[in-house]
2 protein chains.
Amino acid sequence: METRQCGPIGRPRGFDADEALERALLVFWEHGYEGASLSSLTTAMGISTTSMYAAFGNKEQLFRKALERYTEGPGAHLAEALREPTALAVATAILTGTVRSTTRPAHPHGCMGVQGALVASDSGREVRDLLVAWRDNSYSCVHERFRRAVDDGDLPQEADPGLLARYVTTLAFGIAVQAASGVGRDELQEMADAALRNWPLT
Amino acid sequence: METRQCGPIGRPRGFDADEALERALLVFWEHGYEGASLSSLTTAMGISTTSMYAAFGNKEQLFRKALERYTEGPGAHLAEALREPTALAVATAILTGTVRSTTRPAHPHGCMGVQGALVASDSGREVRDLLVAWRDNSYSCVHERFRRAVDDGDLPQEADPGLLARYVTTLAFGIAVQAASGVGRDELQEMADAALRNWPLT
DNA sequence: GGACTTCTGTAGCGATCGCTCCAGAACTCG
DNA sequence: CGAGTTCTGGAGCGATCGCTACAGAAGTCC
């Protein structure tokens with residue numbers, strides 16, 4: 001049997017799935033998982049509910065894919081920050097990146113990983129747990145990066161990488177809450193700078 | 001016409017409104033405004049929807065009264081902290097109180113003022129704005145307390161009360177997010193202690 | 001062309017949402 | 001007692017929830 005080049009069989013998709021996901025991401029980011037209704041999502045995506053279900057599965061899977069896209073897009077500053085050469089540079093980049101991404105004009109304010117489903121009804125428990133794991137993973141990455149900084153001698157031997165990671169992530173989550181409340185970018189940036197003035201918390 | 005002692009006219013209420021409000025508070029605290037359905041609320045309160053509406057008005061007014069109760073109960077540590085004699089004692093009491101109240105065993109984890117409605121659908125916008133104002137008021141109270149500390153010479157003249165207040169409230173909101181994610185009390189308390197080791201942020 | 005596969009919009013499913021109508025129960029009055 | 005007032009549960013309102021059945025449209029195959 002001969003393999004042959006063949007395009008996809010059947011009627012081709014009438015919309016750009018990537019752009020539709022981006023639109024859904026913005027709705028989830030602004031209103032949260034349960035605050036975003038299917039009708040508001042499909043309206044923003046410009047497609048019917050049938051097309052959404054065919055392309056993404058269901059609302060929860062759409063949210064999971066939107067969260068992945070968020071992590072690699074607006075939330076990419078974390079992964080980038082971890083590649084900074086020193087622990088202080090990592091911490092600075094995390095907080096600066098968080099301030100910038102949570103207060104971007106013409107974007108939803110706050111962090112999708114925080115406000116996407118900080119609490120939920122019973123039917124949203126799985127998504128809430130997904131975001132708990134998302135935040136815990138953020139902490140773990142920072143923790144491990146700081147542990148490496150201790151091993152490298154970048155951080156003093158007596159420094160507590162776990163405590164430092166908890167400090168930085170707590171500030172980041174707090175910044176996300178402040179941003180969601182409408183607090184301005186410059187004020188948060190000043191505060192972030194001041195919070196790291198005494199690194200690594202002597 | 002003679003005034004006379006008279007009890008309340010009509011059939012007396014068959015439940016303790018105060019205790020019912022407490023039960024509703026716990027449901028709102030755990031699931032948020034929109035995540036708490038009327039049926040889950042009335043079930044927890046032990047009354048019918050009719051009784052709830054007669055006693056509290058509607059869901060939004062029930063939430064407002066629950067928030068007041070929260071502020072005077074589990075959230076009272078803020079008002080108490082503001083009465084501490086020094087700015088450092090105020091900041092320490094705020095963070096310690098936040099850690100304790102957001103990680104209390106057998107209570108919902110996190111802060112109702114944060115997770116009650118950090119985001120919402122269109123129909124919940126008013127409650128979201130109510131909590132934005134609630135958080136902003138918390139910041140303002142701390143801000144004013146620190147301003148007074150500067151006037152009193154407790155904080156150095158060059159200290160920025162607004163920045164310090166933003167720092168403390170950001171940590172408190174961040175602690176609330178961490179607690180809602182299941183992070184333990186002791187770990188958060190250690191972090192809070194470390195965060196104030198360099199007060200007032202030189 | 002006809003067979004096959006996939007995407008599309010409409011229409012509507014059962015369930016739940018917040019909320020209200022209504023008749024009766026439980027009290028204070030005169 | 002009867003009149004007046006308020007609280008109670010049940011039953012159900014219209015609207016919206018997430019989701020799906022269905023038939024037709026739009027492609028690739030032979």
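Sequence lines set the chain letters: A, B, ... in the order given, protein chains first and strands last, and positions in each chain run from 1.
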- Task: Test the A/Arg135-A/Tyr139 pair against the cation-pi criterion, namely NZ or CZ under 6.0 angstrom from the six-membered ring centroid and within 45° of the ring axis.
- Result: no
- Note on the structure: Its contact letters, B for base, S for sugar-phosphate only and - for none at protein heavy atoms under 4.0 Å, make nucleotides 14-22 of chain C read ---SBBBB-
- Message: Quick test of your reading of the model: are A/Asp122 and A/Arg125 salt-bridged, counting only N-O distances below 4.0 Å?
- Response: yes
- Starting at CZ of B/Arg13 and ending at P of D/dT8, how long is that distance when rounded to a whole Å? 7 Å
- Query: How many Å lie between CG on A/Leu62 and P on D/dC19, as a whole number?
  - Reply: 10 Å
- Query: Taking it one step at a time, do A/Thr49 and A/Leu41 satisfy side-chain contact (heavy atoms from CB on, under 4.5 Å)?
  - Reply: CA-CA 9 Å; A/Thr49 64; A/Leu41 287 165; over 6 Å; no
- Message: Looking at A/Asp18 and A/Arg69, is there a salt bridge between them, counting it only when a charged N and a carboxylate O are closer than 4.0 Å?
- Response: yes
- Task: Give the rounded distance in Å between these two atoms: CZ of A/Phe56 and P of C/dT8.
- Result: 10 Å
- A/Ile9, nearest nucleotide to its side chain (from D/dT28, C/dA25, C/dT8): D/dT28
- Are any of A/Ser51's side-chain N or O atoms less than 4.0 Å away from OP1 or OP2 of C/dT8? yes
- Note on the structure: Of B/Arg11 and A/Gly10, the one whose closest nucleotide on DNA chain D sits nearer the 5' end is B/Arg11
- Is there a donor-acceptor contact under 3.5 Å linking the side chains of A/Thr71 and A/Trp134? yes
- Query: When you check the gap from the basic side-chain N to the acidic O, do A/Glu19 and A/Arg23 get nearer than 4.0 Å?
  - Reply: yes
